[in-house]
Amino acid sequence: MLYYLFNYLDQIDVPGAGLFKYISFRAILALVTSLFISTMTGRQIIDFLRRKQIGESVRDLGLEGQLSKKGTPTMGGIIIIIAIIVPAILFARLNNVYLIIMLITTLWLGTLGFADDYIKVFKKDKEGLQGRFKIIGQVSLGLIVGLVLFFNSDVVIRENVEVRNSEHAIEDVRFHADHTKSAKTTIPFFKNNNFDYAWLAAWAGDYKTEVTCGLFILIVIFIVTAVSNGANLTDGLDGLAAGSSAIIGTALGIFAYTSSHIAFASFLNIMFIPGAEELVIFAAAFIGATIGFLWYNAYPAQVFMGDTGSLTLGGIIAVFAIIIRKELLIPILCGIFLTESLSVMMQVAYFRYTKKKYGVGRRIFKMTPLHHHFQKPGDNSIQALWQRPFRIVPESKIVVRFWLIGIILAAITLITLKIR
């Protein structure tokens, strides 16, 4: 909104109004505003949640400090959602298709997570929203995002073309003059790192476009569902999901900026994505919201984000990565989310296998998701691979170590653009 106001003021030569033309300036404003909203309004929202007795119910699982969390206000993801949406609306161009998709994603999954938390808190149903309804919500969002990205005329790229000398060394990277509709994305560790989903449908003949569309939508649905659920599983320790998301959001913001800046895109030899610069504003608001939320969510947490926040954060990360065509980097960038999800799947599969084979279920980890494994003392009552007792790792130390791993993974993700 303010973008249009200052654009008008610039046209009538109001001094300083032209600053709003610069992405970096608007991104900084979005970051600062998001931090301000999340920290300043956070206290009021937490107090409101306490008055309404919207507290976390905790089962005794034998984890250090677990019972002390009982009654801590939940549904704090509302703070994050407000702190993302308000700066994005204020400082970004609202006619940008990518921004519209991100706002829809935020509200869609925020509503889905809110419904889950509402059932848990007010209906006293620990299971929350039934799993099939969560999946339907995530699949529906993936379907909408996939269709828009595949068919909308504003979703285009300018593909990078390498200019080589007689020794086959790259002298320059140029771009096609025209914007083109394409199902191409970035694939890491390959010299020509543009991968076209249409190649998977080469066998379809006259129906190649339709098959490519179907495959692309299925991939989008899978990524949205997987990453949002991964973030949901990661939200188990104070500050873990919020801090990890802030790190991932920073990397995605860098990707969005370089992909939308033709000079940086040429230097990195990646495709140029017109219009993706507005996503830098959204990424800045996302980073500010998650960091600001840590003011209250860092150990010991004064509020939990609940599914309202965790499903939203995961969905935003997934859709953002798909839009800037970096979704194949998610296994590296979101390695924390992936590991948490895999630990649960491995535990369940191994327990069922051993129960069927030996009559007694055994575990790989003492408890999943993985972060709880380090909180639970090891003893022989647990049929785990780790039978030897070891010292429990304090919650705050687990969180910081996971953050450090997240930073390393983000750095590796960024340098994949040059490792080919």
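What you see is a predicted model, and the numbers here were worked out from it, not measured in a lab. Numbering starts at 1 and runs along the sequence shown.
No donor-acceptor pair under 3.5 Å is formed between the side chain of R158 and the backbone N or O of D178. Within the 3.5 Å criterion, the main-chain N or O of G314 finds no donor-acceptor partner in the side chain of S228. A donor-acceptor pair under 3.5 Å is absent between the side-chain atoms of N194 and the main chain of T186, judged by distance alone. Proximity of a side-chain donor or acceptor of S266 to a complementary backbone N or O of I262 within less than 3.5 Å is not detected.
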Please list every donor-acceptor pair under 3.5 Å in which a side-chain atom of residues 198-210 meets a protein atom from a residue at least two apart or in another chain.
{"from": "W203", "atom 1": "NE1", "to": "L200", "atom 2": "O", "distance (Å)": "2.8"}

Below 3.5 Å, can you tabulate the donor-acceptor pairs from side chains in residues 272-289 to any protein atom, sequence neighbours excluded?
{"from": "E277", "atom 1": "OE1", "to": "G275", "atom 2": "N", "distance (Å)": "3.1"}
{"from": "E277", "atom 1": "OE2", "to": "R93", "atom 2": "NH2", "distance (Å)": "3.4"}
{"from": "E278", "atom 1": "OE1", "to": "R26", "atom 2": "NH1", "distance (Å)": "3.0"}
{"from": "E278", "atom 1": "OE1", "to": "R93", "atom 2": "N", "distance (Å)": "2.9"}
{"from": "E278", "atom 1": "OE2", "to": "R26", "atom 2": "NH2", "distance (Å)": "3.1"}
{"from": "E278", "atom 1": "OE2", "to": "R93", "atom 2": "NE", "distance (Å)": "3.2"}

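Heavy atoms of other residues, nucleotides or ligands lying less than 6.0 angstrom from OH of Y353 number 12 at most. Under a cut-off of 6.0 angstrom, the local environment of CH2 in W403 is crowded, with over 12 non-hydrogen atoms contributed by other residues, nucleotides or ligands. Shown here is R43, whose CZ atom has more than 12 heavy atoms of other residues, nucleotides or ligands within 6.0 Å. For Y299, the OH atom is loosely surrounded, since the number of other residues' heavy atoms within 6.0 Å does not exceed 12. K397 NZ: 12 or fewer foreign heavy atoms inside a 6.0 Å radius. Counting heavy atoms of neighbouring residues, nucleotides and ligands inside a 6.0 Å radius, atom CZ of F48 does not exceed 12 of them. Around the CZ atom of F36, the shell of radius 6.0 Å holds no more than 12 heavy atoms that belong to other residues, nucleotides or ligands. Taking a 6.0 Å sphere around CZ of F222, one finds it holds 12 or fewer heavy atoms contributed by other residues, nucleotides or ligands.
Rounding to the nearest 0.5 angstrom, the gap separating the OG1 atom in T354 from the NZ atom in K356 is 12.0 Å. Rounding to the nearest 0.5 Å places CD1 of I157 at 10.0 Å from NZ of K181. Here the straight-line distance linking atom CZ of F402 with atom CD1 of I336 works out to 5.5 Å at 0.5 Å rounding. Rounded to the nearest 0.5 Å, atoms CZ (F337) and CG (L313) are 7.0 Å apart. Separating the CD1 atom in I398 from the CG atom in L370 is a distance of 9.0 Å, to the nearest 0.5 Å. Once rounded to the nearest 0.5 Å, the distance linking CD1 of I37 with CD1 of I79 reads 12.0 Å.
Using the six-membered ring where Trp is involved, F150 and F216 have ring planes that are tilted, between 30° and 60° apart.
You'll find the side chain of L35 reaches within 4.5 Å of the side chain of I291, heavy atoms only. Contact annotation: the side chain of Q375 approaches that of L237 to within less than 4.5 Å [non-hydrogen atoms, C-beta and beyond]. A 4.5 Å side-chain heavy-atom check between S38 and I80 finds every atom pair outside the cut-off. Between F374 and I392 there is no side-chain heavy-atom pair separated by less than 4.5 Å. The shortest distance between side-chain heavy atoms of Q302 and T72 does not fall below 4.5 Å. At least one side-chain heavy atom of I322 sits under 4.5 Å from a side-chain heavy atom of I223. A heavy-atom distance below 4.5 Å is found between the side chains of L414 and I254. M305 has its side chain within reach of F293: a pair of non-hydrogen atoms, C-beta onward, lies under 4.5 Å apart.
A cation-pi arrangement is present between K418 and F267 under the rule of less than 6.0 angstrom and at most 45 degrees off the ring axis. With Y358 as the aromatic partner, R362 meets the cation-pi criteria of under 6.0 angstrom to the ring centre and within 45 degrees of the ring axis.
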Derivation of the side-chain contact (heavy atoms from CB on, under 4.5 Å) call for T106 and I81: CA-CA 7 Å; T106 304; I81 293 171; 4.0 Å; yes
Verdict with supporting geometry, K134 and T225, side-chain contact (heavy atoms from CB on, under 4.5 Å): CA-CA 9 Å; K134 279 187 183 180; T225 304; over 6 Å; no
Full working for side-chain contact (heavy atoms from CB on, under 4.5 Å) between V344 and F365: CA-CA 9 Å; V344 174; F365 307 100; over 6 Å; no
side-chain contact (heavy atoms from CB on, under 4.5 Å) between M346 and T368, worked out: CA-CA 9 Å; M346 290 168 61; T368 57; over 6 Å; no
From CA spacing to verdict: ring pair (Phe, Tyr, Trp, His ring centres under 6.0 Å), F195, Y197: CA-CA 6 Å; F195 174 76; Y197 287 118; 5.7 Å; yes
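For F304 against A301, the heavy-atom pair with the smallest separation is CE2-CB, 3.6 Å. Closest of all the heavy-atom pairs between L294 and A242 is CD2-CB, 3.8 Å. Closest approach of L417 and F255 over heavy atoms only: CD1-CE2, 3.4 Å. Pairing each heavy atom of C334 with each of I317, the nearest pair is SG-CG2, 3.7 Å. When all heavy atoms are compared, the tightest approach of P87 to A30 is CB-O, 3.7 Å. Across A88 and L103, no two heavy atoms sit closer than the pair CB-CD2, 4.2 Å.
Contacts classified as side-chain hydrogen bond (donor to acceptor under 3.5 Å, both in side chains) and involving residues 230-257 (residues at least two apart or in different chains) are given here: K69-D238, N232-D307, N232-S310. Judged as a side-chain hydrogen bond (donor to acceptor under 3.5 Å, both in side chains), the pairs with a partner in residues 329-348 (not counting sequence neighbours) are, in order, E340-H371. Pairs engaging residues 76-116 under the ring-ring contact (aromatic ring centres under 6.0 Å, His included) rule: none recorded [sequence neighbours left out].
When each of I324, I323, L329, I330 is paired with L252, the side-chain contact (heavy atoms from CB on, under 4.5 Å) condition holds for I324 and for no other.
When only modelled atom types and interatomic distance are considered, T185 and E327 share a side-chain donor-acceptor pair under 3.5 Å. Using modelled atom types and a 3.5 Å distance limit, the side chains of T308 and D117 yield a donor-acceptor pair.
Remark: K21 engages D10 in a salt bridge (Lys or Arg N to Asp or Glu O under 4.0 Å) (not counting sequence neighbours).
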